[in-house]
Peer 1: 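Shown below is the structure under consideration.
FYI, the numbering just counts along the sequence from 1.
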Amino acid sequence: VTAHSYGTELYVRRDLTRRFGGFLSYTLSRSVRTTGRLEGPSSVDRPHVLNLALAYRLGQSWRLGSRLVWYSGRPGEVAYPRAAQRPPRGPSFLRLDLRLEKRWSLGETGFWALVAEVQNATLSRETTDVSCYAYGCSSESLGPITIPSLGLEASF
């Protein structure tokens, strides 16, 4: 078995020190494995990955932020070698994280902040495995794993 990967990424950003900032990154890639004369996507192939992060200063030291992550589904494991050339794919994954913070000055250049965050606010389940047979596919998923948090952040 041999394998190779290739791809390209687009990355655009606006500085987070501005009132409205963030970044957008999109990756288009391919991960291929070859066995004998058969070639097809490897089990970790995700051709499309999108990350979008935005932050907005609301005023009076309040900041609102979010991050969106999306990626296409991974190929299913198939029982027949010929089917491995174009296997069915599992569902894509979408997750939204949210953040709200309030900052206070600490000395001349530092700060401390109260931060409320929710990771996976969309309560999304992630498909971890897809197995396909002659009469259909079955999948295993994880989650939803959602992590709310309230914390303090400081910079000196």
Peer 1: Step by step, work out the side chain to side chain donor-acceptor pair (under 3.5 Å) result for N120 and T122.
Peer 2: CA-CA 5 Å; N120 195 11; T122 50; 3.2 Å; yes

Peer 1: Between the main-chain N or O of R63 and the side-chain N or O of K102, is there a donor-acceptor pair closer than 3.5 Å?
Peer 2: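 Flag not set: sc K102 to bb R63 has no pair under 3.5 Å.
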
Peer 1: Do L54 and L100 share a hydrophobic cluster (ILVMFWY, side-chain heavy atoms under 4.5 Å, transitive)?
Peer 2: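 Yes.
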
Peer 1: Could you grab the distance from atom CD of Q119 to atom OG of S149, nearest 0.5 Å is fine?
Peer 2: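 One finds 7.0 Å between CD of Q119 and OG of S149.
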
Peer 1: Quick one: does F156's side chain get under 4.5 Å of L106's, heavy atoms only?
Peer 2: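 In short, these two side chains touch, coming nearer than 4.5 Å.
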
Peer 1: Could you go through R103 and S61, starting from their C-alpha distance and side-chain angles, then the distance that decides it, and tell me whether this counts as side chain to side chain donor-acceptor pair (under 3.5 Å)?
Peer 2: CA-CA 5 Å; R103 286 188 180 190; S61 299; over 6 Å; no

Peer 1: We want to know whether E126 and Y71 form a side-chain donor-acceptor pair, criterion being a heavy-atom distance below 3.5 angstrom.
Peer 2: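 A donor-acceptor contact under 3.5 Å links the two side chains.
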
Peer 1: How long is the straight-line distance from OG of S138 back to CG of D129, given to the nearest 0.5 Å?
Peer 2: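 Going from CG on D129 over to OG on S138, the span is 7.5 Å.
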
Peer 1: Between P41 and R30, what is the shortest heavy-atom contact and its length?
Peer 2: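 Minimum heavy-atom separation between P41 and R30: CB-NH1, 3.8 Å.
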
Peer 1: Under 4.5 Å between side-chain heavy atoms, counting indirect links through other Ile/Leu/Val/Met/Phe/Trp/Tyr residues: same cluster for W70 and L98 or not?
Peer 2: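 They do share one cluster, since a chain of ILVMFWY contacts under 4.5 Å joins W70 to L98.
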
Peer 1: Does E140 form a side chain to side chain donor-acceptor pair (under 3.5 Å) with T128? I'd like the steps, not just the answer.
Peer 2: CA-CA 6 Å; E140 292 180 23; T128 57; 4.7 Å; no

Peer 1: Whether the side chain of R95 engages the backbone of V69 through a donor-acceptor N/O pair (distance < 3.5 Å, no angle test) should be reported.
Peer 2: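 Flag not set: sc R95 to bb V69 has no pair under 3.5 Å.
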
Peer 1: Within the 4.5 Å heavy-atom criterion, are L52 and S25 side-chain neighbours or not?
Peer 2: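 With C-beta onward as the side chain, the pair stays apart.
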
Peer 1: Given the rule in the side-chain contact (heavy atoms from CB on, under 4.5 Å) test, do L150 and V115 qualify, once you have shown the distances and angles that lead to the verdict?
Peer 2: CA-CA 6 Å; L150 185 61; V115 179; over 6 Å; no

Peer 1: If hydrophobic clusters are built by linking Ile, Leu, Val, Met, Phe, Trp and Tyr wherever their side-chain heavy atoms come under 4.5 Å apart, do V32 and V78 end up in the same one?
Peer 2: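 Cluster IDs for V32 and V78 differ.
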
Peer 1: Looking only at non-hydrogen atoms, find the nearest pair between L96 and S66 and report the distance.
Peer 2: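 That closest heavy-atom pairing would be CD1-CB, 4.2 Å.
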
Peer 1: Taking atom CG of L152 and atom CD of E101, what is their separation to the nearest 0.5 Å?
Peer 2: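 Separation between the atoms: 11.5 Å.
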
Peer 1: Salt bridge or not for R99 and D97, using N-O below 4.0 Å?
Peer 2: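 Salt bridge flag = no for D97 with R99.
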
Peer 1: Start with the C-alpha gap between R67 and N51, add the side-chain angles, then the distance that decides, and say whether side-chain contact (heavy atoms from CB on, under 4.5 Å) holds.
Peer 2: CA-CA 7 Å; R67 177 176 177 225; N51 283 284; 3.0 Å; yes

Peer 1: Got F93 and S124 here, is their nearest side-chain heavy-atom distance under 4.5 Å?
Peer 2: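 Yes, close enough: below the 4.5 Å cut-off.
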
Peer 1: If every non-hydrogen atom of S43 is compared with every non-hydrogen atom of P75, which pair is closest and at what distance?
Peer 2: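 Looking at all heavy atoms of both residues, the shortest contact is O-CD, 4.0 Å.
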
Peer 1: When you measure from the side chain of R14 to the backbone of F20, do you find a donor-acceptor pair of N or O atoms at a distance under 3.5 Å?
Peer 2: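 Yes; judged by distance alone, with no hydrogens or angles, the pair exists.
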
Peer 1: For S92 and G73, indicate whether the former's side chain and the latter's backbone hold a donor-acceptor pair under 3.5 Å.
Peer 2: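 No; zero donor-acceptor contacts below 3.5 Å.
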
Peer 1: Taking NZ, NE, NH1 and NH2 as the nitrogens, is one of them in R33 or D45 under 4.0 Å from a carboxylate oxygen of the other?
Peer 2: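 No, R33 and D45 are not salt-bridged.
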
Peer 1: Donor-acceptor pair, R57 side chain versus T17 backbone, under 3.5 Å?
Peer 2: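 The answer is yes, because a donor-acceptor pair under 3.5 Å joins these two groups.
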
Peer 1: To the nearest 0.5 Å, what is the distance between OG1 on T27 and CG on L50?
Peer 2: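 Here the interatomic distance stands at 9.0 Å.
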
Peer 1: To the nearest 0.5 Å, tell me how far Q85 CD sits from E39 CD.
Peer 2: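 Taking CD in Q85 and CD in E39, the distance rounds to 8.5 Å.
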
Peer 1: If you take all heavy atoms of R125 and G143, which pair is closest and at what distance?
Peer 2: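 Shortest heavy-atom separation between R125 and G143 comes out as NH1-O, 2.5 Å.
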
Peer 1: Does the side chain of S131 come under 3.5 Å of the side chain of E77 through a donor N or O and an acceptor N or O?
Peer 2: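 The criterion, which ignores hydrogens and geometry beyond distance, is not satisfied for E77 and S131.
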
Peer 1: Among the clusters formed by ILVMFWY side chains lying less than 4.5 Å apart, do L64 and W62 turn up in the same one?
Peer 2: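 Yes; tracing contacts between hydrophobic side chains, which count when under 4.5 Å, links both residues.
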
Peer 1: If every non-hydrogen atom of R89 is compared with every non-hydrogen atom of P47, which pair is closest and at what distance?
Peer 2: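 Scanning both residues, the minimum pair turns out to be NH1-CD, 3.6 Å.
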
Peer 1: Ring-plane angle category for Y11 and F23, please: parallel below 30°, perpendicular beyond 60°, tilted otherwise.
Peer 2: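 The arrangement is tilted - the two ring planes meet at 30° to 60°.
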
Peer 1: Look at the side-chain heavy atoms of Ile, Leu, Val, Met, Phe, Trp and Tyr, link any pair under 4.5 Å apart, and say whether L114 and V118 land in one connected group.
Peer 2: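 Shared cluster, no.
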
Peer 1: List the atom of R74, the atom of T127, and the distance in Å for their closest heavy-atom pair.
Peer 2: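 So the two residues come closest at CD-O, 4.3 Å.
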
Peer 1: To the closest 0.5 Å, what do you measure between CH2 (W104) and CH2 (W112)?
Peer 2: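 Spacing of CH2 (W104) from CH2 (W112) equals 4.5 Å.
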
